[in-house]
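In what follows, chains carry the letters A, B, and so on, assigned in the order in which the sequence lines appear, proteins first and then strands, with residues in each chain numbered from 1.
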Amino acid sequence: MASSVITNEEIAKILREIGEYLEMEGEAFKPRAYEKAAEAVEALAEEVREIYKKGSLKALENIPGFGVSITEKVEELIKTGHCRYYEQLKKKIPVNLGELSAVGGLGSKNIKRLYQELGIRNLKELEKSARAGKIKNLEGFGEKSEENILRGIEFLKQSGGRFVLGLVMPEINGIAQQLRNLKEVKKLEVAGSVRRWKETIGDVDILAVSNKPKAVMDFFVSLPQVARVFAQGETKSAIKLKNGMDVDLRVVSENSYGAALNYFTGSKDHNVALREIAIKKGYKLNEYGLFKGKKPIAGRTEKEIYKALGMDYIEPEMREMVGEIGFAQKHQLPKLLDYGDIKGDLQVQTNWTDGVNSIEEMAIAAMSRGLEYIVITDHTKRLAMTGGLDEKRILKQMAEIDKINLGFRVKGLGFRILKGTECDILKDGSLDLSDKILEKLDVVGVSVHSLFNLSRKEQTERIKRTMNNPNVDIVFHPTGRLIQRRAAYEVDMDEIIKIAKKTGTILEINASPERLDLRDQHIRMCVEAGVKMSVDSDAHSISHFGFLEYGIAQARRGWAAREDIINAWPLEKMLNFLKNK
DNA sequence: GCCGTTTTCGGCCCGACTGTTTTCAGTCG
């Protein structure tokens with residue numbers, strides 16, 4: 001039989017849909033089991049088919065949430081591309097679950113009823129029935145339900161449902177600040193996936209302390225950005241913004257603030273695990289606190305809750321149910337890289353190629369953000385559309401950098417501009433600049449900007465070859481993905497990490513909000529393998545240095561400590577490390 | 001269907017709000 005090339009995304013989708021079908025059947029716990037397995041697959045850095053290829057059934061069973069039954073079904077999917085169990089379920093209720101359950105407010109139970117009573121199978125048919133006024137006549141549905149469905153469809157059409165964090169963060173911060181400015185608000189924090197710095201978010205959860213919640217809620221639902229109000233109560237309100245993003249606001253008492261912050265920060269699975277631990281200790285944990293019977297044990301701060309549960313405090317970026325609970329119980333959590341730890345930026349573009357600002361402008365902007373140095377890494381000639389540098393122009397740029405540095409020294413500024421490149425990797429893994437030039441640079445970064453469709457083997461070999469070049473220091477944005485726009489190219493990251501360790505090559509955590517490349521699971525693999533990384537803004541203008549924060553957050557999501565990130569080290573130590581490659 | 005300091009059977013997180021209902025199911029996080 002032809003071997004199938006099913007991806008993790010496809011496997012997760014099928015597992016999740018099996019869960020939804022089982023929910024329609026009224027099963028109580030199986031749906032959650034399938035959902036958990038789907039989440040585990042999505043969190044994997046490695047393709048499930050590769051795990052199976054290497055370790056067969058045994059290796060699959062080691063995936064969290066995979067028992068006998070799910071392992072069997074996933075094996076079938078890998079081998080044949082089909083799962084008979086899934087297809088049987090699908091035959092009974094042949095609907096496009098992905099489409100329909102993306103409609104807000106519409107769950108499995110109602111999807112089933114809409115199919116059985118109106119024959120609705122997909123978004124288009126749902127819209128048609130809703131517009132024809134057929135849904136409101138069903139028992140249990142009504143005018144409002146029908147309206148909500150239509151609005152849900154409208155939203156899906158324009159947004160796709162999730163937002164890239166870095167693109168919506170300014171608006172979120174703006175709303176949070178307006179709320180903080182109210183005299184009725186004593187304390188306020190953005191929780192949820194925003195606080196965990198997930199790369200994309202589905203909605204925003206804001207938490208506040210106030211003794212006049214009604215005034216806060218009234219202000220919140222009448223913000224000018226509000227497109228509609230879903231719910232307005234004393235403790236909880238929910239709105240949709242004009243850009244399509246949902247925002248929830250919860251108001252709690254001071255005594256519950258820590259418990260609520262913990263609860264609304266999630267992740268959901270992390271919270272479930274905490275509650276289970278609470279139960280085992282004879283407590284009950286909810287958003288109001290940790291209780292023994294009716295007696296409150298903890299709740300004002302998150303720290304006291306973790307402590308009462310016998311654990312160390314867990315940073316929000318780690319709360320993804322990827323082993324953090326066990327480490328916290330054993331008091332073995334790493335001390336994460338901090339937001340103030342980055343001393344310099346190793347990838348900066350200027351107006352010599354596709355950047356907006358001059359070398360000097362970029363340097364001054366970096367300085368004003370508290371950085372001690374930047375590396376100028378303009379593109380090379382193969383990237384013709386950016387005006388990439390050839391040997392002659394990069395030599396000229398190096399002279400220019402010397403001149404600016406001299407000017408800084410004269411003024412008594414300690415800031416340094418280093419010479420570098422973002423050199424294109426050619427098809428065969430050779431480079432777009434000669435070794436003679438590369439030798440003269442302080443930092444050599446290399447990037448794949450072409451031939452994204454090479455086979456996994458060719459792409460991996462291509463990048464490996466550059467890493468074996470002693471002049472190459474860093475692989476920039478190692479997987480090439482653009483969040484929500486372009487998938488990563490096929491590359492064997494296990495192998496890349498192995499070679500990085502062997503050759504002392506740095507792998508970049510590109511902080512640009514649409515890249516965040518390496519992704520969190522790959523960072524964790526590097527940390528475990530002892531491979532060093534850098535956090536770079538990839539700035540193309542002076543405002544882009546602000547991206548570093550997203551890169552630091554990403555590093556923290558991958559459990560990186562200061563010693564894992566070379567541009568968190570003193571400059572001389574970093575340069576020595578690169579020299580000794 | 002998974003899982004194990006409650007361990008191979010019997011549990012599995014908990015509460016707010018809505019909409020359509022006279023007491024609750026569905027959805028969400």
Side-chain angles (χ1 to χ4, degrees), chain A residues 15 18-40 61-74 85 100-114 135-149 152 191-194 196 201-207 213 217 229-239 246-252 256 259-260 262-291 310 321 326 329-330:
Chain A
L15 291 175
I18 291 175
E20 286 183 66
Y21 279 124
L22 292 170
E23 203 167 297
M24 291 180 194
E25 314 250 299
E27 289 278 359
F29 297 104
K30 289 182 191 180
R32 185 71 191 123
Y34 278 94
E35 194 190 333
K36 269 182 133 159
E39 280 163 9
E61 276 174 4
N62 285 333
I63 298 171
F66 273 49
V68 175
S69 178
I70 289 180
T71 301
E72 206 172 74
K73 291 178 181 83
V74 171
Y85 180 64
L100 292 176
S101 50
V103 177
L106 198 53
S108 313
K109 296 268 166 61
N110 284 332
I111 290 173
K112 180 184 184 183
R113 289 201 46 216
L114 290 170
I135 291 175
K136 65 172 182 282
N137 297 328
L138 293 184
E139 204 187 316
F141 289 83
E143 290 278 355
K144 284 261 168 89
S145 318
E146 195 169 85
E147 273 171 39
N148 284 340
I149 285 171
S193 45
V194 175
R196 303 199 314 277
I201 59 168
D203 63 4
V204 181
D205 296 288
I206 301 177
L207 187 68
M217 294 305 192
V229 178
F230 290 114
Q232 183 180 6
E234 283 276 301
T235 63
K236 175 187 166 171
S237 295
I239 58 171
D246 290 344
V247 185
D248 284 8
L249 175 62
R250 307 273 186 146
V251 176
V252 298
S256 300
N262 183 250
Y263 180 67
F264 294 117
T265 296
S267 66
K268 192 177 161 196
D269 288 338
H270 179 90
N271 290 140
V272 169
L274 290 184
R275 287 180 181 211
E276 284 169 358
I277 291 167
I279 290 168
K280 278 178 195 152
K281 291 191 180 289
Y283 300 144
K284 183 175 85 162
L285 179 63
N286 60 27
E287 57 261 56
Y288 300 108
L290 183 67
F291 299 91
M321 209 50 192
Q329 286 174 318
K330 284 183 251 158

Among the candidates B/dT6, B/dC17, B/dG1, find the nucleotide nearest to the side-chain atoms of A/Thr235. B/dC17

Nearest to the side chain of A/Tyr288, which nucleotide is it out of B/dG1, B/dA16, B/dT6? B/dA16

Show me the donor-acceptor pairs within less than 3.5 Å that the side chains of residues 101-110 of chain A make with the rest of the protein, sequence neighbours left out.
unit_1	atom_1	unit_2	atom_2	d
A/Ser101	OG	A/Glu20	OE1	3.2
A/Ser101	OG	A/Leu97	O	2.6

So CD1 of A/Ile18 and CD of A/Glu35: to nearest 0.5 Å the spacing works out to 13.0 Å

Is the shortest side-chain N/O distance from A/Tyr283 to OP1 or OP2 of B/dC13 below 4.0 Å? no

Counting primed atoms, P, OP1 and OP2 as sugar-phosphate and everything else as base, the B/S/- map of nucleotides 19-29 of chain B against protein heavy atoms under 4.0 Å is SSS----SSSB

Reference residue A/Tyr34; test side chain to side chain donor-acceptor pair (under 3.5 Å); the match among A/Glu27, A/Glu39, A/Lys73: A/Lys73

May I have the distance from [X] (atom [atom1]) to [N] (atom [atom2]), rounded to whole angstrom?
| X | N | atom1 | atom2 | result |
| --- | --- | --- | --- | --- |
| A/Glu72 | B/dG1 | CD | C1' | 12 Å |
| A/Asn271 | B/dC12 | CG | P | 17 Å |
| A/Asn262 | B/dC14 | CG | P | 14 Å |
| A/Ile18 | B/dC2 | CD1 | P | 11 Å |
| A/Tyr34 | B/dG1 | OH | P | 4 Å |
| A/Ile70 | B/dC3 | CD1 | C1' | 12 Å |
| A/Ile239 | B/dC17 | CD1 | P | 16 Å |
| A/Arg32 | B/dG10 | CZ | P | 24 Å |

Suppose you measure atom [atom1] in [N] against the same atom in [M]; what distance do you get, rounded to whole Å?
| N | M | atom1 | value |
| --- | --- | --- | --- |
| B/dC17 | B/dT23 | C1' | 16 Å |
| B/dG26 | B/dT21 | P | 13 Å |
| B/dT6 | B/dC14 | P | 16 Å |
| B/dT27 | B/dC13 | C1' | 16 Å |
| B/dT8 | B/dC2 | C1' | 12 Å |
| B/dG11 | B/dG19 | C1' | 33 Å |
| B/dG10 | B/dG15 | P | 26 Å |

If you pin A/Ser237 and A/Gly67 to their nearest nucleotides in DNA chain B, which one's is more 5'? A/Gly67

Quick check: on DNA chain B, is the nucleotide nearest A/Val272 upstream (toward 5') of the one nearest A/Lys30, or the reverse? Name the residue that is more 5'. A/Lys30

Using the side chain to side chain contact (heavy atoms under 4.5 Å, CB included) rule, take A/Ile111 and A/Met24 through it: C-alpha gap first, then chi angles, then the decisive distance, then the call. CA-CA 8 Å; A/Ile111 290 173; A/Met24 291 180 194; 4.0 Å; yes

NZ/NE/NH1/NH2 to OD/OE distance under 4.0 Å, A/Asp205 and A/Lys236: no

So what does [X] touch, heavy atoms closer than 4.0 Å: a base, only the sugar-phosphate, or nothing?
| X | result |
| --- | --- |
| A/Lys136 | nothing |
| A/Glu27 | nothing |
| A/Lys36 | nothing |

When you measure from the centre of the six-membered ring of A/Phe141, is the NZ or CZ of A/Lys136 closer than 6.0 Å and no more than 45° off the axis? no

Are any non-hydrogen side-chain atoms of A/Asp248 and A/Ile206 less than 4.5 angstrom apart? no

Could you check which nucleotide pairs with B/dT8 in any of the strands shown, counting Watson-Crick or G-U wobble with both distances under 3.5 Å? none

Steps toward side chain to side chain contact (heavy atoms under 4.5 Å, CB included) verdict (A/Tyr263, A/Arg250): CA-CA 11 Å; A/Tyr263 180 67; A/Arg250 307 273 186 146; 5.6 Å; no

Quick check against the 3.5 Å criterion: does A/Arg275 have a side-chain atom that pairs as donor or acceptor with the backbone of A/His270? no

